[in-house]
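Some notes on the structure that comes next.
All values derive from a computational prediction rather than experimental measurement.
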Amino acid sequence: MANAWKRDKPTKLLSPKFLFLLSSSTFLLLFLFIFSTSLSSFTNPTFFALNTHLSFNAITPFDCINSTQAHPVIASVVEGVRHPFLYSLSDFGTLPDKPHKNIVRVLKGKPFRKPDISVTVQEVLEKAKSEGRDGFVVDVGANVGMASFAAAAMGFRVVAFEPVFENLQKICEGVYFNRVADLVTVFEAAASDRLGNITIHKLVGRLDNSAVSATGAKMAFKSNEEVAFQVRTIPLDIVIPESERVLLLKIDVQGWEYHVLKGASKLLSRKGSQAPYLIYEEDERLLQASNSSAKEIRDFLQSVGYHKCTQHGTDAHCAKKD
């Protein structure tokens, strides 16, 4: 009985071999614990919000994981951009009689038509990258993320503001489609010049778009049926720390641009190239519907050092020089 238990030779629990196996097992278990913790953080948008080093004491990022999932989901890659990305369509048109043009393109095996703002954002950021400059992109009125994902596709960190819940769902989808949860932080809020709440108007049939002014909403989207809802407002100066560089500030808020800019006066007052490149929609009809004007905006921008702005369609581009 060669394999019988030998009572006269008890197992040496503290033998070198046993200690080696014990320490190896302990190290392996510790590694798996750390890895699983990191993995759970990887899928948590709040973790990434903290990783951006921004101080979000005044507002909590939108929780994509616990948000309800919109359906159906129709997403595709965007055509004609140097740095490709996907976004999730929110306006489906009238199904099945008159679907959105991008749904027709998907059925034909074609990519979504490029949004002009996506091309513009990538051109501005390519120039910044070529000059060795790094920093955040701030997207105010993010809609479904066409500017945000254009920036994130290039590796830039993005802070986005969007008040419409349906759009936030689509942004969350885009975050996962583009694998950019570590780059994009989104807030369910409207950037403005004061902390509080405001009534936003979104239109039936075009729930992806909204405006502070009911008149402005109807003007922009040609619809008579609207839904009013309350949304939180917050100035950018409260959210963006002075220590963080912002390369690009994009604002498209259907006439509320002046109030967003006023709430970012500290950010815009930074010297030279430390101040962000600014792109904002300058539609006189929409601005007047929100009791402001293009002249009021230009006068304000001059007061904070933006002395030259150029017109690009309905958008204005402003930059400071060193």
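- Comment: Glu131 engages Lys127 in a salt bridge, judged by a side-chain N to carboxylate O separation of less than 4.0 angstrom.
- A chain of hydrophobic side-chain contacts below 4.5 Å, direct or via other Ile, Leu, Val, Met, Phe, Trp or Tyr residues, connects Ile240 to Leu268.
- A salt bridge links Arg105 to Glu79: at least one charged side-chain nitrogen sits closer than 4.0 Å to a carboxylate oxygen.
- Using a 3.5 Å distance cut-off with no hydrogens or angles, the side chains of Gln288 and Glu284 do pair a donor with an acceptor.
- Ion pairing of Glu126 with Lys129 is absent here, as no side-chain N (NZ or NE/NH1/NH2) approaches a carboxylate O to less than 4.0 Å.
- In this structure, the separation between SG on Cys309 and CD on Gln302 is 8.0 Å, given to the nearest 0.5 Å.
- A donor-acceptor contact under 3.5 angstrom links the side chains of Ser148 and Asp139, judged on distance only.
- The side-chain hydrogen bond (donor to acceptor under 3.5 Å, both in side chains) test with His312 is passed by exactly one of Thr314, Asp315, Thr310: Thr310.
- Residues Val144 and Phe85 share a single hydrophobic cluster, defined by chaining ILVMFWY side chains whose heavy atoms lie under 4.5 Å apart.
- With a 4.5 Å cut-off on side-chain heavy atoms, Lys308 and Lys321 do not count as touching.
- Side-chain atoms of Gln122 and Met154, non-hydrogen and from C-beta on, do get closer than 4.5 Å to each other.
- Asn197 and Gln230 are not linked by any side-chain donor-acceptor pair at a separation below 3.5 angstrom, with hydrogens and angles left out of the test.
- At least one side-chain heavy atom of Ile234 sits less than 4.5 Å from a side-chain heavy atom of Phe161.
- Aromatic ring centres of Tyr87 and Phe149 lie farther apart than the 6.0 Å criterion allows.
- Connection of Val246 to Leu261 is established within a shared hydrophobic cluster, with ILVMFWY side chains joined at heavy-atom distances below 4.5 Å, either directly or through further cluster members.
- With 3.5 Å as the limit, one finds no donor-acceptor pair spanning the side chains of His317 and Gln311.
- Under the 4.5 Å side-chain heavy-atom criterion for grouping Ile, Leu, Val, Met, Phe, Trp and Tyr, Val77 is not connected to Ile103 through any hydrophobic cluster.
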